[in-house]
Amino acid sequence: TLLAKICELGNFNLALLIMDEMIQNNVLPDSYAYTCLISMLCRMEKVVTAVILLERVLERDTSSLNQFMYTSVINALFKTGQPKAAIYYFEDMVKRGLNPDTVTLNAIIDGFSRLGQVSKMDDILSLMNDKSLLPNLATYNILLHFQSKQQNMSECFALYDMIARKGFVPDKLTCHSIVLGFCKSSMTDVGAKFLKMMIGEGTEADQLTFNMLITKYSERGELVKAFDLLNIMNSVGVSPN
RNA sequence: AAGCUGCUCC
């Protein structure tokens, strides 16, 4: 419990110290303690320490292993530009009979999408399908963001439709990606219209997305439109920063 | 209880 709270507060040095003390006193950390520590280290970009800790669990306490530890490490390795290591742990996870779930595969799809490795993304999507794992909203948001960065707006709309068809409610990340695609395509007005439409449909309004459009309009000298958005922000209760 | 999705500005 103490470890969990310290992890939550983000003090990994103290958490590691306490873990050492536990081990010295023959109180072995349990699965929960290890998971908290590893995920905290990954969040704080201490991926090397996280991997060392995962290796310790692999050596002495394989019964404590779970998907959370692996997903945290796989995600952090991708994010720090170490895809080979990430895949190594993915394969290790599978070897040990820990079934990757949608969250694990999402982390990998996102990792490959950042590297522009489309065929690997497809491989993981096929795997998801083969294992009868259902994509979640994050899966679609990852794909949507990937397409929007490349201004593939028709792909974006196909994904947007898919989100609704699968019964998910688009969120602020969904909205951000679509508007991003329009901004990049210099279709700022369409982006603004889309944002207004999504807000009208109940999507949580979002400061970042407004900022993106306001910045774009400001760059283009379209200040009337920029101020119009600022007014809308106020009227829907999103505070400007 | 813990793991996935934001090249807005700074």
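So you know, we letter chains A, B, ... as the sequences are listed, proteins then strands, and number each from 1. Please read all numbers here as calculations on a predicted model, not as lab measurements.
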*Asks:* Walk me through whether Tyr34(A) and Asn66(A) qualify under side-chain hydrogen bond (donor to acceptor under 3.5 Å, both in side chains).
*Replies:* CA-CA 10 Å; Tyr34(A) 280 127; Asn66(A) 61 30; over 6 Å; no
*Asks:* Send over the distance from Asp101(A) CG to A2(B) C1', rounded to a whole Å.
*Replies:*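 Rounding to the nearest Å, CG of Asp101(A) and C1' of A2(B) are 13 Å apart.
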*Asks:* Using atom C1' of each nucleotide, how far apart are G6(B) and C10(B) to the nearest Å?
*Replies:*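 Here G6(B) and C10(B) have their C1' atoms 16 Å from each other.
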*Asks:* With respect to the side chain of Ile142(A), which nucleotide from C4(B), G3(B), U8(B) is positioned closest?
*Replies:*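 Comparing C4(B), G3(B), U8(B) against the side chain of Ile142(A), the answer is C4(B).
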*Asks:* Hey, mind stepping through Asp101(A) and Lys131(A) against salt bridge (charged side-chain N to carboxylate O under 4.0 Å, His left out) and telling me if it holds?
*Replies:* CA-CA 9 Å; Asp101(A) 61 12; Lys131(A) 303 268 178 204; over 6 Å; no
*Asks:* Of the options G6(B), C4(B), C9(B), whose atoms approach the side-chain atoms of Asn136(A) most closely?
*Replies:*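 Of all the options, the side chain of Asn136(A) is nearest to C4(B).
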*Asks:* Looking across every strand, which nucleic acid part, if any, lies under 4.0 Å from Thr209(A) by heavy atom: base, sugar-phosphate, or nothing?
*Replies:*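 Contact class for Thr209(A): base.
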*Asks:* Do the side chain of Asn66(A) and the base of G3(B) come within less than 3.5 angstrom through a donor-acceptor pair of N or O atoms?
*Replies:*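 Donor-acceptor pair under 3.5 Å: no.
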*Asks:* As a test of reading the structure: which of C4(B), A2(B), U8(B) is closest to the side chain of Met212(A), going by heavy atoms?
*Replies:*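 The answer is U8(B), which lies nearest to the side chain.
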*Asks:* Aromatic ring centroids of Phe78(A) and Phe90(A) under 6.0 Å?
*Replies:*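 No, ring centres 6.0 Å or more apart.
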*Asks:* Report the nucleotide, chosen from G6(B), G3(B), C4(B), that has the shortest atom-to-atom distance to any side-chain atom of Lys79(A).
*Replies:*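 My answer, after comparing the listed nucleotides, is C4(B).
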*Asks:* From the options U8(B), U5(B), A2(B), select the nucleotide whose nearest atom is closest to the side chain of Asn211(A).
*Replies:*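 The nucleotide sitting nearest to the side chain is U8(B).
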*Asks:* Throw together a table of side-chain donor-acceptor distances under 3.5 angstrom for residues 233-240 of chain A, partners on residues two or more places apart or in other chains.
*Replies:*
{"residue": "Asn234(A)", "atom": "ND2", "partner": "Leu230(A)", "partner atom": "O", "Å": "3.4"}
{"residue": "Ser235(A)", "atom": "OG", "partner": "Ile232(A)", "partner atom": "O", "Å": "2.9"}

*Asks:* What is the distance, to the nearest angstrom, from the OH atom on Tyr89(A) to the C1' atom on G3(B)?
*Replies:*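 Result: 17 Å.
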*Asks:* Atom CG of Asn75(A) and atom C1' of G6(B): how far apart are they, to the nearest Å?
*Replies:*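 Rounded to the whole Å, the gap is 14 Å.
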*Asks:* The side chain of Ser72(A) is closest to which nucleotide in this list: A2(B), G3(B), U5(B)?
*Replies:*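 The closest nucleotide is G3(B).
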*Asks:* Nearest to the Thr215(A) side chain among A2(B), U8(B), G3(B), which nucleotide is it?
*Replies:*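 So the nucleotide nearest the side chain must be U8(B).
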*Asks:* What is the distance, to the nearest angstrom, from the NZ atom on Lys46(A) to the P atom on G3(B)?
*Replies:*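 That distance rounds to 19 Å.
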*Asks:* Whole angstrom is fine here: how far is it from CG in Leu77(A) over to P in G3(B)?
*Replies:*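 Those two atoms, CG and P, are 17 Å apart.
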*Asks:* Side-chain donor or acceptor of Thr35(A) under 3.5 Å from a matching atom on the base of G3(B)?
*Replies:*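 Such a pair does not exist between side chain and base.
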*Asks:* Between Lys184(A) and G6(B), is there a contact of a side-chain N or O with OP1 or OP2 at under 4.0 Å?
*Replies:*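 No, no such contact exists.
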*Asks:* Touch check for Thr104(A), heavy atoms < 4.0 angstrom, all strands: base, sugar-phosphate only, or nothing?
*Replies:*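 If one applies the 4.0 Å heavy-atom cut-off, Thr104(A) turns out to touch a base.
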*Asks:* Rounded to whole angstroms, how far apart are CG on Leu137(A) and P on C4(B)?
*Replies:*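 Rounded to whole Å, this separation is 15 Å.
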*Asks:* Using a 3.5 Å cut-off and no angle test, enumerate the donor-acceptor pairs between side-chain atoms of residues 166-184 of chain A and protein atoms at least two apart in sequence or in another chain.
*Replies:*
{"residue": "Asp171(A)", "atom": "OD1", "partner": "Asn141(A)", "partner atom": "ND2", "Å": "3.2"}
{"residue": "Asp171(A)", "atom": "OD1", "partner": "Leu173(A)", "partner atom": "N", "Å": "3.0"}
{"residue": "Asp171(A)", "atom": "OD1", "partner": "Thr174(A)", "partner atom": "N", "Å": "3.0"}
{"residue": "Asp171(A)", "atom": "OD1", "partner": "Thr174(A)", "partner atom": "OG1", "Å": "2.9"}
{"residue": "Thr174(A)", "atom": "OG1", "partner": "Asn141(A)", "partner atom": "OD1", "Å": "2.8"}
{"residue": "Thr174(A)", "atom": "OG1", "partner": "Asp171(A)", "partner atom": "N", "Å": "3.0"}
{"residue": "Ser177(A)", "atom": "OG", "partner": "Leu173(A)", "partner atom": "O", "Å": "3.3"}

*Asks:* What does Lys216(A) touch in the nucleic acid at a heavy-atom separation under 4.0 angstrom: a base, only the sugar-phosphate, or nothing?
*Replies:*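 Nothing, no heavy atom under 4.0 Å.
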*Asks:* Looking at Arg114(A), does any N or O in its side chain come under 4.0 Å of the phosphate oxygens OP1/OP2 on C4(B)?
*Replies:*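 False: Arg114(A) side-chain N/O out of range (4.0 Å or more) of C4(B) OP1/OP2.
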*Asks:* Taking CD from Gln147(A) and P from U5(B), how many angstroms apart are they, rounded to a whole number?
*Replies:*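 Taking atom P of U5(B) as the reference, CD of Gln147(A) is at 18 Å.
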*Asks:* Considering every strand and a 4.0 Å limit on heavy-atom distances, what is the contact class for Ala107(A): base, sugar-phosphate, or nothing?
*Replies:*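 Sugar-phosphate only.
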*Asks:* What's the verdict on side-chain contact (heavy atoms from CB on, under 4.5 Å) for Leu53(A) and Met19(A), showing C-alpha distance, side-chain angles and the deciding distance?
*Replies:* CA-CA 11 Å; Leu53(A) 197 50; Met19(A) 189 193 67; 3.6 Å; yes
*Asks:* Can a donor-acceptor pair under 3.5 Å be found between the side-chain atoms of Asn141(A) and the base atoms of G6(B)?
*Replies:*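 No, no donor-acceptor pair under 3.5 Å.
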*Asks:* Taking the side chain of Tyr32(A) as its heavy atoms from C-beta onward, which of C4(B), A1(B), G3(B) lies nearest to it?
*Replies:*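 Within the option list, the nearest is A1(B).
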*Asks:* Between U5(B) atom C1' and Asn106(A) atom CG, what is the distance in whole Å?
*Replies:*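 Asn106(A) atom CG is separated from U5(B) atom C1' by 8 Å.
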